[in-house]
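Reading through the structure tokens given below for one structure.
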Amino acid sequence: MSNYNVTVIGGGPGGYVAAIRLAQLGMKVAIIEKYDVLGGTCLNVGCIPSKALLDVSEHYHNAEKRFTDFGIGVKGLSVDFGRMIARKGEVVKANVDGIAFLMKKNKIDVYNGLGSFVTKNKIAITNKAGEKQEIETEKVIIATGSKPTALPFLPIDKKRIITSTEALSLTEIPKNLIIIGAGIIGLELGSVYHRLGSKVTVVEFLDKVAPSMDEDLSRELLRVLKKDGIEFMLSTKVKGATVKGKEVTVTADNKAGEAIEIKGDYCLVAVGRSPYTQGLGLENIGITLDERKRIPVNDHLETSVPGIYAIGDVVRGAMLAHKAEEEGVLAAEIIAGQKPHINYNLIPGVCYTWPEAASVGATEQDLKSQGKAYKTGKVSFKASGRARASGDTDGFVKILADKETDEILGVHMIGPRAADMIIEGVVAMEFRASAEDISRMSHPHPTYTEAFKEACLSATDNRSLTM
Ligand code: FAD
Ligand code: NAD
């Protein structure tokens, strides 16, 4: 029987990053992954494949809708959807192969099979053929992630009523795609298929889209996506769905409380994700789940059982790959006796629609509910020379700063390349910059980042210079 200092269960961005950091810190490490490949949700059926389809569908959308305006003629434009999906598979494979290489490089033993606690120091691994082996370990990091949440009254058949996993590998472009949930998955995958020609209808229980984001951002996102042609049915309560042949009928109560039917050829259920602990044998070591089926952990990410840690989507907090990665590093360093820290307030969130929406820190509604005195600086991309040049004038940058001290408390942006720009807000907040600090830093001209500087100027003393 093999012996390890630490065994990581789950090969997603939480698990593989934890394993690498543990190996760097000199430990003998095993990683157990249920599937044949590492990478977890993020690399196989999440971040990477969705961005591959978002990027290519955006190229197509631009060629179809915007190139003529730019003076570029396009003849015979068409979509080879099979090739798009195949290319997405190639992108996934390149990333997944990269992780396999990193495991070898760091001398981490990879076991493919379901990991299950026999005792807190003994893990059973059952492979696809049903063969079982056991390994011994001093400590364990659980990184088993999450899976799509199903609605109890709306069974997913994976053919017509699908989750994000199937939506990333369809064999045809839906004609009428119904999406339940206007969260990040609904908006991103809705954008993909809308650009490729599907009629997309998003049905949302609440009265807004991307409800966790700053309300200004959520309103602007709704405005631009509606302008683009995606249909939204907000404040609408889904009651069920039936499939007849190739047709799906979703039944719901609309805002006025009237019973309605929505028909499509596919229905994507995107109402959140649930922590995944099935088959892990937590009952054998006395770990009980919280009310949302997450594994409870303390500030050191240690569970109620000493020496057993848990990270990523399976514990509290945002279900984001970069959050899982930070926690992987933290757990590894805690195990090595170091004193790392994560500032959860500074984990940015991004929605990869176009324009992109990105946030870090407090939203305006957070500050209001905390009773905190704040000021706002907001500038529109309409006033940005760079945005006019590229034809991307929708959106804005908004910063929230402490009314007394001028410290930046939140940054919310919707606009071109917001996903890449939000890091300026993260760095500023990490170093507790004031809006004036940023407004006095030279930003290259012309870039989209000037909007961040101008928003800071506007918050400092309402004196934006060029916007
Ligand atoms: P996971 O990535 O879910 O990995 C867990 C792994 O554990 C899985 O491979 C699973 O098979 C394995 N496992 C489970 N149980 C066992 C067991 N008992 N034994 C062995 N192995 C087991 N986040 C972002 O930050 N940016 C994005 O752009 C983004 N896009 C997304 C798009 C989609 C469509 C989806 C669905 C998610 C997206 N996410 C994104 C969220 C991101 O994928 C997750 O937050 C992230 O993958 C969580 O990492 P994790 O390591 O905790 O878990
Ligand atoms: P989400 O929590 O972002 O959104 C779910 C939406 O569904 C919410 O707006 C909610 O109000 C709505 N909803 C819930 N029940 C409903 C019902 N019965 N009828 C109608 N609407 C209903 O969840 P998601 O979009 O499924 O994404 C899952 C997780 O994956 C999220 O935590 C997200 O952060 C993560 N993710 C991140 C990215 C990214 O970082 N770009 C991309 C995709 C997914």
Side-chain angles (χ1 to χ4, degrees), residues 8-18 31-51 53-54 111-117 123-126 141-149 151-154 163-165 167-168 179-190 202-213 218 233-239 250 252 268-282 310-315 317-325 327-328 347-353 356-358 419:
V8 179
I9 309 180
Y16 70 72
V17 166
I31 186 164
I32 308 172
E33 169 53 53
K34 191 170 73 153
Y35 291 117
D36 294 341
V37 288
L38 294 170
T41 304
C42 176
L43 268 61
N44 293 288
V45 291
C47 325
I48 298 300
S50 61
K51 266 80 254 178
L53 292 182
L54 276 156
Y111 293 88
N112 293 107
L114 186 82
S116 188
F117 286 96
I123 313 291
I125 304 157
T126 311
I141 298 177
I142 303 169
T144 49
S146 63
K147 60 170 187 184
T149 303
L151 294 168
F153 49 83
L154 210 155
T163 70
S164 54
T165 301
L168 292 166
I179 300 181
I180 303 178
I184 309 300
I185 291 183
L187 299 181
E188 289 187 355
L189 292 180
V202 183
V203 187
E204 166 63 49
F205 180 71
L206 298 175
D207 61 356
K208 55 184 144 192
V209 304
S212 58
M213 288 195 151
S218 154
M233 301 176 91
L234 302 181
S235 306
T236 300
K237 191 175 170 194
V238 172
K239 291 191 298 192
V250 171
L268 164 62
V269 180
V271 294
R273 294 179 61 85
S274 309
Y276 188 78
T277 53
Q278 218 177 315
L280 197 50
L282 291 178
I311 60 170
D313 280 10
V314 81
V315 303
M319 287 184 164
L320 294 172
H322 43 288
K323 178 259 194 186
E325 290 178 8
E327 291 186 335
I347 293 185
V350 173
C351 183
Y352 293 81
T353 43
E356 293 169 338

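The model shown is predicted, which means the values in this text are computed figures rather than measured ones. In each ligand, atom 1 is the first atom listed, and ligand 1 is the first ligand listed. Here, residue 1 is the first one in the sequence, and each next residue gets the next number.
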Given [options], which has its nearest heavy atom closest to [atom]?
| atom | options | answer |
| --- | --- | --- |
| atom 19 (N) of ligand 2 | Thr353, Ile180, Ile185, Leu268 | Ile180 |
| atom 5 (C) of ligand 1 | Gly10, Cys42, Ala143, Gly40 | Ala143 |
| atom 39 (N) of ligand 1 | Gly15, Gly46, Cys47 | Cys47 |
| atom 1 (P) of ligand 1 | Thr41, Leu320, Thr165 | Thr41 |
| atom 18 (N) of ligand 2 | Thr149, Val350, Leu151, Leu54 | Leu151 |

State whether the side chain of [X] and the backbone N or O of [Y] hold a donor-acceptor pair below 3.5 Å, judged by distance alone.
| X | Y | answer |
| --- | --- | --- |
| Thr165 | Val45 | no |
| Thr236 | Phe205 | no |
| His322 | Gly349 | no |
| Arg273 | Ser146 | yes |
| Glu204 | Gly181 | no |
| Asp313 | Pro275 | no |
| Ser116 | Ala124 | no |
| Thr149 | Gly272 | yes |
| Glu188 | Tyr352 | yes |
| Glu327 | Gly312 | yes |

Is there at least one pair of N or O atoms, one from [X] and one from ligand 2, spaced under 3.5 Å apart?
| X | value |
| --- | --- |
| Glu188 | yes |
| Ile184 | yes |
| Glu204 | yes |
| Phe153 | no |

Among all protein heavy atoms, pick the one closest to [atom] and tell me residue, atom and distance.
| atom | answer |
| --- | --- |
| atom 45 (O) of ligand 1 | Asp313 OD1, 2.9 Å |
| atom 25 (O) of ligand 1 | Ala321 N, 2.8 Å |
| atom 53 (O) of ligand 1 | Gly145 CA, 3.1 Å |
| atom 29 (C) of ligand 2 | Arg273 CD, 3.9 Å |
| atom 36 (C) of ligand 1 | Arg273 NH1, 3.3 Å |
| atom 51 (O) of ligand 1 | Gly14 N, 2.9 Å |
| atom 4 (O) of ligand 1 | Gly12 CA, 3.5 Å |
| atom 16 (C) of ligand 1 | Thr144 CG2, 3.5 Å |
| atom 35 (C) of ligand 2 | Met319 O, 3.4 Å |
| atom 16 (C) of ligand 2 | Val271 CG1, 3.5 Å |
| atom 19 (N) of ligand 1 | Gly115 N, 2.8 Å |
| atom 23 (O) of ligand 2 | Gly272 CA, 3.3 Å |

Hey, is ligand 1 close enough to [X] that some N/O pair sits below 3.5 Å?
| X | value |
| --- | --- |
| Tyr35 | no |
| Met319 | yes |
| Lys34 | yes |

Which atoms from ligand 1 have a heavy atom of [X] less than 4.0 Å away?
| X | answer |
| --- | --- |
| His322 | 25 (O) |
| Lys51 | 27 (C), 28 (O), 29 (C), 30 (N) |
| Leu280 | 18 (N) |
| Gly113 | 19 (N), 20 (C) |
| Ser50 | 32 (C) |
| Leu114 | 17 (C), 18 (N), 19 (N) |
| Tyr276 | 14 (C), 15 (N) |
| Gly11 | 6 (C), 7 (O) |

At under 4.0 Å between heavy atoms, is it the side chain or the backbone of [X] that contacts ligand 1, or both, or neither?
| X | value |
| --- | --- |
| Ala324 | side chain |
| Ser164 | side chain |
| Ser146 | backbone |
| Ile9 | side chain |

Contact between ligand 1 and [X] is defined here as a heavy atom of the residue under 4.0 Å from a ligand atom; is it met?
| X | answer |
| --- | --- |
| Val45 | yes |
| Tyr16 | no |
| Ser116 | no |

To the nearest 0.5 angstrom, please state how far the CD1 atom of Ile32 sits from the CG atom of Leu114.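 Going from CD1 on Ile32 over to CG on Leu114, the span is 9.0 Å.
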Could you state the interatomic distance from CD1 (Ile180) to CG (Leu268), rounded to the nearest 0.5 Å?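 Answer rounded to 0.5 Å: 8.5 Å.
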Is the number of heavy atoms from other residues, nucleotides or ligands under 6.0 Å of Lys237 NZ greater than 12?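 12 or below, so no.
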Distance filter under 4.0 Å to [X] heavy atoms, resulting ligand 2 atoms:
| X | answer |
| --- | --- |
| Leu320 | 34 (O), 37 (C), 40 (O) |
| Leu206 | 11 (O) |
| Tyr352 | 41 (N) |
| Phe205 | 19 (N), 20 (C), 21 (N), 22 (C) |

Please give me the minimum heavy-atom distance between Gly15 and Ile311, naming the atom from each residue.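 Heavy-atom minimum between the residues: N-CD1, 4.1 Å.
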